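Encoded as structure tokens, the structure appears first; notes follow it.
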Protein chains: 2
Amino acid sequence: MYICPMYSSELIKGTLKTVILKLLSDTKQMYGYEITQKVKELTDSKIVITEGALYPLLHQLEAEGVVTTETVNIGKRIRKYYTLTQTGNERAKEKIYEFADFIQTMNILLDLKPSV
Amino acid sequence: MYICPMYSSELIKGTLKTVILKLLSDTKQMYGYEITQKVKELTDSKIVITEGALYPLLHQLEAEGVVTTETVNIGKRIRKYYTLTQTGNERAKEKIYEFADFIQTMNILLDLKPSV
DNA sequence: CAAATATACATAAGTTATTTATGTATAAGC
DNA sequence: GCTTATACATAAATAACTTATGTATATTTG
């Protein structure tokens with residue numbers, strides 16, 4: 001049986017922000033580790049977000065005012081929940097729309113059928 | 001009227017190789033400048049390949065044995081035509097398949113309809 | 001109950017791939 | 001004649017990620 005491996009990193013690069021914004025626009029509040037697990041689960045491990053990529057990006061999004069954070073104590077450990085701001089919601093819509101448009105263009109370029 | 005600008009470079013990054021391999025698998029022989037123009041035309045200027053990105057990649061593909069080259073004199077100018085090797089044809093199919101698969105996964109992740 | 005794995009954050013060095021800038025030169029259009 | 005288009009090439013700077021490392025608690029498994 002064929003097991004589809006992870007996509008080449010060059011392909012995944014650049015979609016990270018869009019994916020995170022989408023998840024946050026669906027779930028309101030998520031913490032970093034939760035995001036990595038959700039993406040892994042939804043993509044059957046074809047997209048795996050590493051911590052080194054995720055955390056710096058989340059910090060950047062916070063600095064830009066796209067998300068706000070709330071730190072919660074879970075026993076003696078901490079969790080940092082991220083929530084989209086209004087700006088963040090708009091940004092999420094834009095990025096998702098852009099990607100949908102991009103897919104259309106790539107479908108034409110690569111002669112893929114719309115349903116593929 | 002809304003004019004869709006170029007996609008963010010982060011989105012385009014990583015699809016360059018796939019796009020070039022696809023064009024070469026369709027047209028057999030193309031030269032660098034021709035590739036940039038074809039992509040610009042097919043994507044309505046939403047994807048524009050810069051020379052600084054294109055030529056190093058073509059040279060790399062040649063070094064890997066994915067393409068062979070033939071230099072032709074056009075008047076006093078030169079053109080360097082690129083042709084896929086057999087390895088190159090396989091590579092092209094793989095990359096195109098990988099991207100099609102990637103799109104499917106992203107459609108699920110981003111809740112896009114298959115036809116979008 | 002000890003060890004391994006999972007949860008949960010964070011950052012820094014190294015790598016890779018692009019962008020931007022620069023360079024050379026001929027051909028075509030105005 | 002000047003500007004734009006054709007046509008190649010490379011190098012420095014930048015951006016973004018991978019890999020590695022660090023800290024620490026919680027849970028599972030043998």
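Order of the sequence lines sets the chain letters (A, B, ...), proteins ahead of strands, with each chain counted from 1. Keep in mind that what you see is a predicted model, and the values were worked out from it rather than measured.
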Whole-Å distance separating the CD1 atom of I78(B) from the C1' atom of dT6(D): 12 Å
Atom pair distance, as rounded to whole Å: CD1 in I49(A) and C1' in dC9(C): 16 Å
Closest heavy-atom pair and its distance - L11(B), F102(A): O-CZ, 3.5 Å
Rounded distance in Å - CD (Q37(B)) to C1' (dA7(D)): 11 Å
K80(B) NZ: over 12 foreign heavy atoms closer than 6.0 Å: yes
Y31(B) vs dA7(D): side-chain N/O to OP1/OP2 distance below 4.0 Å: yes
d(NZ, K40(B); P, dA7(D)) in whole Å: 14 Å
Passing candidate, ring-ring contact (aromatic ring centres under 6.0 Å, His included) with Y31(B), options Y82(B), Y55(B), Y81(B): Y81(B)
Integer-rounded Å distance: dC9(C) P and E62(A) CD: 13 Å
With 3.5 Å as the limit, what N/O pairs link the protein to nucleotides 10-20 of chain C?
from: dA10(C); atom 1: OP1; to: K80(A); atom 2: NZ; distance (Å): 2.8
from: dA10(C); atom 1: OP2; to: H59(A); atom 2: NE2; distance (Å): 3.1
from: dT11(C); atom 1: OP2; to: H59(A); atom 2: ND1; distance (Å): 3.3
from: dT19(C); atom 1: OP2; to: T50(B); atom 2: OG1; distance (Å): 3.3

Euclidean distance, L84(B) CG relative to K93(B) NZ, rounded to 0.5 Å: 10.5 Å
Protein-nucleotide distance (L11(A), atom CG; dA16(D), atom P), rounded to Å: 17 Å
Shared hydrophobic cluster for M6(B) and I103(A) (ILVMFWY, side-chain gaps under 4.5 Å): yes
Nearest non-hydrogen partners of P56(A) and E51(A), listed with the distance: CD-O, 3.7 Å
Shortest non-hydrogen separation from N89(B) to S25(B) and the atoms involved: OD1-CB, 4.3 Å
T69(B): which of H59(B), E62(B), Q29(B) passes side chain to side chain donor-acceptor pair (under 3.5 Å): E62(B)
Length of the line joining E70(A):CD and dA8(C):P, which is rounded to integer Å: 16 Å
Atom pair OG1 (T43(A)) and CD1 (I108(B)), whose distance is rounded to the nearest 0.5 Å: 9.0 Å
Report all interatomic pairs (protein N or O, nucleotide N or O of nucleotides 25-27 of chain C) with separations under 3.5 Å.
from: dT26(C); atom 1: O2; to: R77(B); atom 2: NH1; distance (Å): 2.5
from: dA27(C); atom 1: OP1; to: K76(B); atom 2: N; distance (Å): 3.2
from: dA27(C); atom 1: O4'; to: R77(B); atom 2: NH1; distance (Å): 3.4

